[in-house]
There are 2 protein chains.
Amino acid sequence: MDFDALLSKIKPDEIEKEKVESLADSMIVFINNLAIEKGISTEAFLVGSVAKKTWLSGKADIDIFLHFPLETPLDQLKEQGLYLGHECIKKMSGKWEERYASHPYVTGHINGYNVDFVPCYRIENSKQLKSAVDRTILHTHYIKNHLKEDQINDVLILKKFMEGIETYGSEFKTGGFAGYICELLILKYGSFQNVLKAAASIWKQGSVIDLEDYGTGNLFSDPLVVVDPVDKKRNVAAALTTQKMAEFIVSSRNFLKYPKIEYFNVVNHCSDINAIKNKFNVRGTKTFLICFNPPKIPADAIYPQLKKTEISLSSKLDLEGFKVFKSSYWTDESKIAFIILELGVWSIPSYKNHEGPKVWDELHQERFLSKYGNEAWVEDDRWMVKVPQNNNSVEIMLEFFLKKENIHHLRIGKHLKDAILKNNQIIEMKEFLSTENISKELLEFLDDFLNPGQNLWR
Amino acid sequence: MDFDALLSKIKPDEIEKEKVESLADSMIVFINNLAIEKGISTEAFLVGSVAKKTWLSGKADIDIFLHFPLETPLDQLKEQGLYLGHECIKKMSGKWEERYASHPYVTGHINGYNVDFVPCYRIENSKQLKSAVDRTILHTHYIKNHLKEDQINDVLILKKFMEGIETYGSEFKTGGFAGYICELLILKYGSFQNVLKAAASIWKQGSVIDLEDYGTGNLFSDPLVVVDPVDKKRNVAAALTTQKMAEFIVSSRNFLKYPKIEYFNVVNHCSDINAIKNKFNVRGTKTFLICFNPPKIPADAIYPQLKKTEISLSSKLDLEGFKVFKSSYWTDESKIAFIILELGVWSIPSYKNHEGPKVWDELHQERFLSKYGNEAWVEDDRWMVKVPQNNNSVEIMLEFFLKKENIHHLRIGKHLKDAILKNNQIIEMKEFLSTENISKELLEFLDDFLNPGQNLWR
């Protein structure tokens with residue numbers, strides 16, 4: 001396969017490079033001068049994909065780290081770092097918003113770019129780590145020192161492939177591969193093709209990639225272990241899910257067998273509402289959404305809570321005798337979030353048989369009968385009794401679980417619990433698809449729910 | 001509790017005794033004379049409850065055993081035994097029917113009594129046993145030699161109690177206590193009250209009663225072990241089910257706590273068809289009957305096959321994703337037999353998710369995908385594929401299983417399989433209760449199905 005045409009689209013040309021790099025330079029100069037002027041002991045550095053020259057054309061996120069000496073008090077670091085970031089955004093006529101990782105940073109929207117200003121400590125090696133962001137400069141140095149000029153193309157092709165098959169991104173929403181892992185994989189295997197060949201044929205659950213031969217791979221029990229070359233106690237792939245690792249392996253095999261340029265673009269999901277309605281209809285199931293307003297917390301905090309809630313609701317319904325055929329969750333990260341539950345069994349009998357003690361023990365029999373009286377009977381050597389099952393449709397059961405006094409039966413994170421209790425709606429899919437003003441993104445999610453695995457093939 | 005009133009009803013009075021015993025005597029005299037006349041080397045003996053004087057008033061079954069010398073060829077024993085039986089029935093102006101136990105015998109309906117004529121070998125001890133019926137004379141001797149005159153009342157009360165709570169009878173239909181066990185229990189514990197006290201408080205799963213201290217109780221793994229005093233290698237209670245043993249234990253406790261004369265009569269089951277209809281309705285389940293003509297085989301052979309079929313059908317439906325809430329079977333032993341299946345889940349989705357291999361192995365993936373193509377997807381590290389589920393209502397599923405080409409999926413005895421294939425009807429309970437001319441006995445069975453355990457209390 002000839003990647004030139006692809007590269008011409010995804011590799012930043014000289015104009016873009018010049019634009020991004022000069023913008024970054026001018027901001028760094030501005031901050032460093034202002035720091036001197038204000039007597040702030042810090043220095044701005046360019047880090048991340050722009051510094052490493054591995055960004056995909058049109059998707060440059062500029063990361064400027066403000067390095068403070070190790071002895072700087074944390075409060076002072078935050079205050080002075082955010083101050084310099086804000087001043088820089090103001091100077092560049094950008095818009096700003098503050099964000100939180102392991103500590104606060106500020107993001108500016110400047111000339112069409114997202115620019116992160118992150119105050120951190122200047123460390124020389126991983127032993128001096130004070131917070132997760134401090135490691136970033138070590139990563140940038142490592143890649144700049146080891147990645148050969150011509151391997152940058154391979155990194156870009158790999159990142160774009162990952163994007164196309166939707167395994168790119170280490171945030172919780174995706175659970176895929178970070179950009180830094182893509183770079184390390186190219187260092188390990190030498191080229192895009194070799195990374196795919198390794199994934200297709202060599203990778204197993206728990207495979208270890210250990211560029212610096214630290215021998216610390218067995219410290220981790222993740223699906224894939226990529227020992228951080230700058231910190232032997234860290235698995236760079238800790239956030240990668242088995243799901244995304246498996247999808248990458250399978251797509252790699254499929255691509256190697258029939259290479260097609262289409263693998264580098266996300267598949268076109270169906271967003272035709274009537275087609276989706278029909279697909280739900282023919283499944284012979286009944287699907288419910290529990291809709292609510294997502295809590296105002298970072299996206300990376302919402303997704304694990306949504307997952308946990310989905311699992312807890314599904315297992316509770318199964319325990320009660322319903323049968324969850326498939327479940328998932330979705331949020332636009334601002335106005336709407338929902339758990340989606342597709343049921344194979346959505347109504348259960350009005351009674352259930354409750355097991356009592358075995359008949360052999362007279363004392364246990366006494367206790368059991370004093371509770372249930374002579375409605376009980378014996379099956380083999382066990383007491384049984386019929387007890388009413390009031391919540392015998394899934395709607396009623398869900399309403400029961402989502403009441404303030406019952407929600408403790410579920411395992412739900414605090415923020416999501418509050419959000420659900422504040423306002424929720426249990427709605428059947430048929431009705432949802434008839435009444436709501438539904439976004440294309442949501443429809444595409446539903447299409448993927450109905451037909452998972454579309455992204456594995458082209 | 002004063003048992004005199006009860007005994008006056010259940011103990012044969014002098015008139016009944018005289019009538020039964022003189023009838024038996026005259027038949028024995030007739031047979032023995034005829035045998036001499038015809039040169040047949042045999043002797044008729046009275047055995048069973050009439051010989052032991054432990055029959056319940058009005059329920060005398062007369063058992064006449066024709067003892068042949070051990071050296072008699074089996075063919076000759078059968079031929080001459082049946083001949084003498086037939087001649088006796090003819091002489092007494094009775095009606096006859098031939099039956100089969102371990103070997104053939106003939107039953108006569110004479111003056112309102114059932115009289116069994118059973119040819120067998122005359123043995124002195126269990127080592128000489130040639131067939132199961134040979135043992136009967138040893139049993140009769142043992143009880144006549146050991147049961148005290150006043151314990152006969154206790155045997156009668158115990159048998160009547162067993163009848164009342166429906167645990168009496170060792171045939172497969174009931175799976176309860178044989179008359180002989182009742183006699184042995186009285187020998188062991190001395191009185192009716194003591195038998196109940198032992199069952200209530202001492203009996204455990206696998207309890208051993210070993211009147212002759214043979215020490216062979218550990219040879220058996222049945223719910224209750226009653227070592228036969230005339231054959232240490234036989235458990236008299238081998239046919240007793242855990243179910244019936246448990247019911248006897250529980251009823252004994254209930255009786256000892258609040259003794260009531262009503263325990264000696266079978267409970268009045270509801271036979272109001274509308275009440276039964278309503279009870280089925282409010283359960284929120286759906287009940288189906290698979291009706292067919294029972295095969296022409298002895299009742300003791302039908303019941304185990306019905307049970308096996310019930311279990312096989314239930315487990316198959318559960319495996320397919322339906323949920324059997326309760327199941328049973330019934331037959332009038334002549335015209336109709338059915339398996340009854342009450343379902344909590346009677347329809348399932350149009351598709352099911354079929355698990356494929358894990359993704360790690362490229363070869364297994366190839367095989368799987370060559371079969372299912374790119375309809376497949378990945379869940380965690382496992383290939384999955386949606387396959388159509390055609391039999392997604394329980395009626396259709398049952399029809400499928402009962403087809404000639406599919407019935408081998410079920411574990412069904414040969415006779416029942418032939419009977420079901422010849423002619424069967426799958427009918428919903430609602431419809432069955434609306435259209436059929438339903439016997440009182442069947443309605444009472446349905447009432448017991450809906451409310452099991454009624455016989456445990458009064």
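All values below come from the heavy atoms of this structure, side chains included, with hydrogens, waters and symmetry mates left out. Throughout, a chain's letter reflects where its sequence line sits, starting with A, and its residues are numbered from 1.
Looking only at side-chain heavy atoms (C-beta outward), B/Glu320 and B/Met397 come within less than 4.5 Å of each other.
Only the side chain of A/Lys323 comes within less than 4.5 Å of a heavy atom in chain B; its backbone stays farther off. If you measure heavy-atom distances from A/Asn392 to chain B, you find no contacts under 4.5 Å at all. Residue A/Val359 touches chain B through both its backbone and its side chain, counting heavy-atom pairs closer than 4.5 Å. For A/Trp457, the part lying under 4.5 angstrom from a heavy atom of chain B is the side chain only. Contacts between B/Gln365 and chain A at a heavy-atom distance below 4.5 Å involve the side chain alone, from C-beta outward. If you measure heavy-atom distances from A/Trp203 to chain B, the contacts under 4.5 Å come from the backbone alone. Contacts between A/Arg253 and chain B at a heavy-atom distance below 4.5 Å involve the side chain alone, from C-beta outward. For chain B, the nearby parts of A/Gln205 are the backbone and the side chain; heavy atoms of each come within less than 4.5 Å. Contact of A/Asn254 with chain B is made through the side chain alone, with heavy-atom distances under 4.5 Å. Only the side chain of B/Val345 comes within contact range of chain A, with at least one heavy atom under 4.5 Å from a heavy atom of that chain. If you measure heavy-atom distances from A/Met384 to chain B, you find no contacts under 4.5 Å at all.
Ion pairing of B/Arg382 with B/Glu379 is absent here, as no side-chain N (NZ or NE/NH1/NH2) approaches a carboxylate O to less than 4.0 Å. Salt-bridge formation is not detected for the pair B/Glu375/B/Lys386: no Lys NZ or Arg NE/NH1/NH2 atom is positioned less than 4.0 Å from an Asp or Glu carboxylate oxygen. Between A/Asp447 and A/Lys279 there is a salt bridge, since at least one side-chain N of the basic residue sits less than 4.0 Å from a carboxylate O of the acidic one. Using a cut-off of 4.0 Å between Lys/Arg side-chain N and Asp/Glu carboxylate O, B/Glu366 and A/Lys257 are scored as salt-bridged.
Proximity of the aromatic rings of B/His354 and B/Tyr372 is defined here by a centroid distance below 6.0 angstrom, and this criterion is met.
Figure legend: B/Lys197 and B/Tyr189 shown without cation-pi pairing, the cationic atom not lying both under 6.0 angstrom from the six-membered ring centre and within 45 degrees of its axis.
Of all the listed residues (B/Ala246, B/Gly344, B/Pro452, B/Gly453), the one sharing the greatest number of non-hydrogen pairs under 4.5 Å with chain A is B/Pro452. Comparing B/Phe325, B/Trp377, B/Trp383, B/Trp360 by heavy-atom pairs within less than 4.5 Å of chain A, the highest count is held by B/Trp360.
The aromatic rings of A/Phe255 and A/Phe161 sit perpendicular, their planes meeting at an angle over 60°, well past the 30° parallel limit.
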